[in-house]
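Taking it in order: structure first as structure tokens, then the write-up.
Reckoned from all heavy atoms, side chains included, excluding hydrogens, waters and symmetry mates. In listed order, ligands and their atoms are each counted from 1.
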Amino acid sequence: MKINVVNPLTKAHLYEIESPSQAELNKVFETARELQKKIGALSVKERIAEVVKISKYLIENYNGVSERIVSETGKTKFEALSNEIFEVCDNIDYYRDHAEKILKDQKVHTPLILMGKKSKIKFGPMGVALIIAPWNYPLMQCFLPSILAFLAGNAVVYKPSEVTPLKGMYEEILDGAGFMKDAIQFVYGGKETGAALIEQRPDKIHFTGSTRAGKQIMAAASKHLIPVDLELGGKDPAIVFDDVDIEKTANGLVWAAFTNAGQSCTSIERCYVHESIFDAMTEKIVALTKKLKLANPDCEDCDADVGCMTADFQLKKVEAQLKEATEKGAKILCGGTTIEGTQIMPPTVVTEATTEMELISEETFGPVLPLLKFSDEPEVIALANDSEYGLGASVWSKDLKRAERVAGALKVGNVAINNHMLTEANPALPFGGIKNSGFGRYKGDYGLHTFSNIKSIIIGPNNKVIEPHWYPFTKIKFETFPKLMNAFFSRPRKWIKFATVGMKMDNMGNKEKINLNK
Ligand code: NAD
């Protein structure tokens, strides 16, 4: 199957991609399985040295890389630099300092009942990790999970979205950086290619994309019991209390709703503003929104705050939601109409929307900011939680105690206070959602552990003692064991009794010292 790739801003045809044959897919997985042995044998320090080469390359070649990202996504150059290149480098920088510690054997407590033994957790590779990504942050969504999987000792197969395949760019980065050849391999194609890759039985699947596709991927993975992480859609609420600084908060809300032209899984999609400041906040937000500079198809190099929509099908979805909302009584205060002949939807502010409208109940994934009123804390928590999604949220207030209390009550995976989507800027914080936003976490310690076989080890001496829980199960053992339980589980523990009964049990277990016939 051939797929056309276009520049969404200029509509220029760029190139075609063609789905790989079955033989090509087989080869990719053969290479990955073979190479994984080599990757797994590297020390974590050696793997870190490999990934650091990628950030060095990106920093030196940021201009060419961001131009390439812009040409297929239609985002602004600053967004390509800050949300994609910087984010990849920032995560590499974090794991450069922390990966060894995160993947080191962890000593854990061994209870006294297992006296003489030691316990630890080892983090080993899983094998081949398959990473399937969407089109909104194609560099970050490639390298972040790929690097984590590689650091944990896995070989990686990556399938970018057919909308923004960036064909050849990833290979150019890795070759240019001098990164271990084929440790991350790239397979281009549509969803049928994604499905065929799952049939190759990778050892782990990390999926970022829509809830619809996430369910299909989980069903396909379940046939082979492949573990999956699902990073799916969102409908992030922002909650704005009456004590905020209006100027600062309005600036933050406008950025968080329209960054990446709203095509961010954690952009603000519902903004609940306290009724006492609703009019003032609305006025400020509309004024700031009207000032945003839109991308210009005739001048790709001109300054722009907001780019175009990357996918025409997504633009149609946004238009349909706005149409339904206005027909049911919502008011558009600015934006709302696509600029003719383009995929540019001007940033749109909406009021009087309700949960009966898809604009409030379904993911929009476009530059639309619905403003909704609330009157008190319990009401707004209930409104924010009234969603099938549970990815991110934000709480805006001077009263940080209240903000934390509300953050704790929200049914989501990530909350920023007096900011939005900022948890994602800290590589030490895990990222992921609940409900229809998926499950599993990556980044932070979880980022490496999710790609690891987490192995428990218990180590005992090889001496002459026959363990009391081994055979034979004699009557006297059955009668003595409750005394041991009683001593062990009482508080304070009855140490002397525990030691005496314990020794007796040890002796019973030692076949040489007991009379099996008694
Ligand atoms: P999508 O689900 O249509 O496609 C994502 C990827 O999955 C593509 O590479 C596609 O080819 C592949 N795919 C689709 N169906 C498949 C199947 N049945 N088997 C195997 N592969 C399949 O999503 P999209 O339109 O590319 O991206 C937008 C969605 O991604 C939005 O819902 C957005 O919220 C979500 N997203 C989530 C996060 C997150 O971290 N939670 C981040 C970014 C985007």
Whether Y170 and F186 hold their rings parallel, tilted or perpendicular, with breakpoints at 30° and 60°: parallel

Heavy atom of the protein closest to atom 25 (O) of ligand 1 (residue, atom name, distance): W135 NE1, 2.9 Å

Where ligand 1 meets N136 - atom numbers and elements under 4.0 angstrom, heavy-atom basis: 43 (C), 44 (C)

Greater than 12 external heavy atoms within 6.0 Å of K323's NZ: no

E67 with K77: basic N within carboxylate O range, under 4.0 Å: yes

Test of proximity, R212 against ligand 1: N or O pairs below 3.5 Å: yes

Sub-3.5 Å N/O-N/O distance, Q216 and ligand 1: yes

Ligand 1 N/O within reach of L232 N/O, cut-off under 3.5 Å: yes

Shortest protein contact, atom 27 (O) of ligand 1 (heavy atom only): P134 CB, 3.1 Å

Check: E424/N414 side-chain N/O donor and acceptor closer than 3.5 Å: no

K235 versus T364, side-chain donor and acceptor atoms under 3.5 Å: yes

Close N or O approach (E363, ligand 1; < 3.5 Å): yes

Short side-chain donor-acceptor distance under 3.5 Å, N26 and E30: no

Aromatic ring pairing F451/H206, orientation class (parallel under 30°, perpendicular over 60°, tilted between): tilted

Distance-only polar pair, side chains of S19 and Y188, donor-acceptor under 3.5 Å: no

Sub-4.0 Å heavy-atom approach of P160 to ligand 1: yes

Proximal ligand 1 atoms for E231, defined as those under 4.0 Å from one of its heavy atoms: 37 (C), 38 (C), 39 (C), 40 (O), 41 (N)

Ligand 1-proximal atoms of A220, by part, heavy-atom distance under 4.0 Å: neither

Protein non-hydrogen atom below 4.0 angstrom of atom 36 (N) of ligand 1 present: yes

Check: N436/E363 side-chain N/O donor and acceptor closer than 3.5 Å: no

Polar side chain donor-acceptor pair, S21 to E24, under 3.5 angstrom: yes

Closest protein heavy atom to atom 43 (C) of ligand 1, given as residue, atom name and distance to 0.1 Å: Q141 NE2, 3.0 Å

Any G433 heavy atom less than 4.0 Å from ligand 1: no

Atoms in ligand 1 flagged as close to G233, the criterion being non-hydrogen separation under 4.0 Å: 32 (O), 34 (O)

Proximity to ligand 1 by part of T266, non-hydrogen separation under 4.0 Å: neither

Polar contact flag for S437 and ligand 1 (N/O pairs, less than 3.5 Å): no

Any donor-acceptor N or O pair under 3.5 Å, side chains N385, K411: no

Contact atoms of ligand 1, heavy-atom distance to A213 under 4.0 Å: 2 (O), 14 (C), 15 (N)

For ligand 1, the portion of A133 having any non-hydrogen atom under 4.0 Å away: backbone

Region of Q314 engaging ligand 1 - heavy atom pairs below 4.0 Å: neither

E84 and K75 ion-paired at < 4.0 Å: yes

Contact partition for T193 relative to ligand 1, non-hydrogen atoms under 4.0 Å: neither

Numbered atoms of ligand 1 (with element) below 4.0 Å of S161, judged on heavy atoms: 9 (O)

Q263 to ligand 1, any heavy atom closer than 4.0 Å: no

Within 6.0 angstrom of E404 CD, more than 12 heavy atoms from elsewhere: no

Atom CD of E388: over 12 foreign heavy atoms under 6.0 Å: no

Residue and atom name of the nearest protein heavy atom (relative to atom 1 (P) of ligand 1), distance in Å to one decimal: S210 OG, 3.6 Å

Region of F365 that comes within reach of ligand 1 [heavy atoms, distance under 4.0 Å]: side chain

F207 to ligand 1, any heavy atom closer than 4.0 Å: yes

Distance from atom 38 (C) of ligand 1 to nearest protein heavy atom, with residue and atom: C265 SG, 3.0 Å

Identity and distance of the protein heavy atom lying nearest atom 22 (C) of ligand 1: K191 CB, 3.6 Å

No-hydrogen, no-angle side-chain donor-acceptor test under 3.5 Å, Y94 and R96: no

Residue and atom name of the nearest protein heavy atom (relative to atom 12 (C) of ligand 1), distance in Å to one decimal: I132 CG2, 3.6 Å

Residues R33 and D203 bridged, charged N to O under 4.0 Å: yes

For E162, atoms of ligand 1 separated by under 4.0 Å from a heavy atom: 8 (C), 9 (O), 10 (C), 11 (O)

Ligand 1 N/O within reach of K159 N/O, cut-off under 3.5 Å: yes

Donor-acceptor pair between E79 and T76 side chains, under 3.5 angstrom: yes

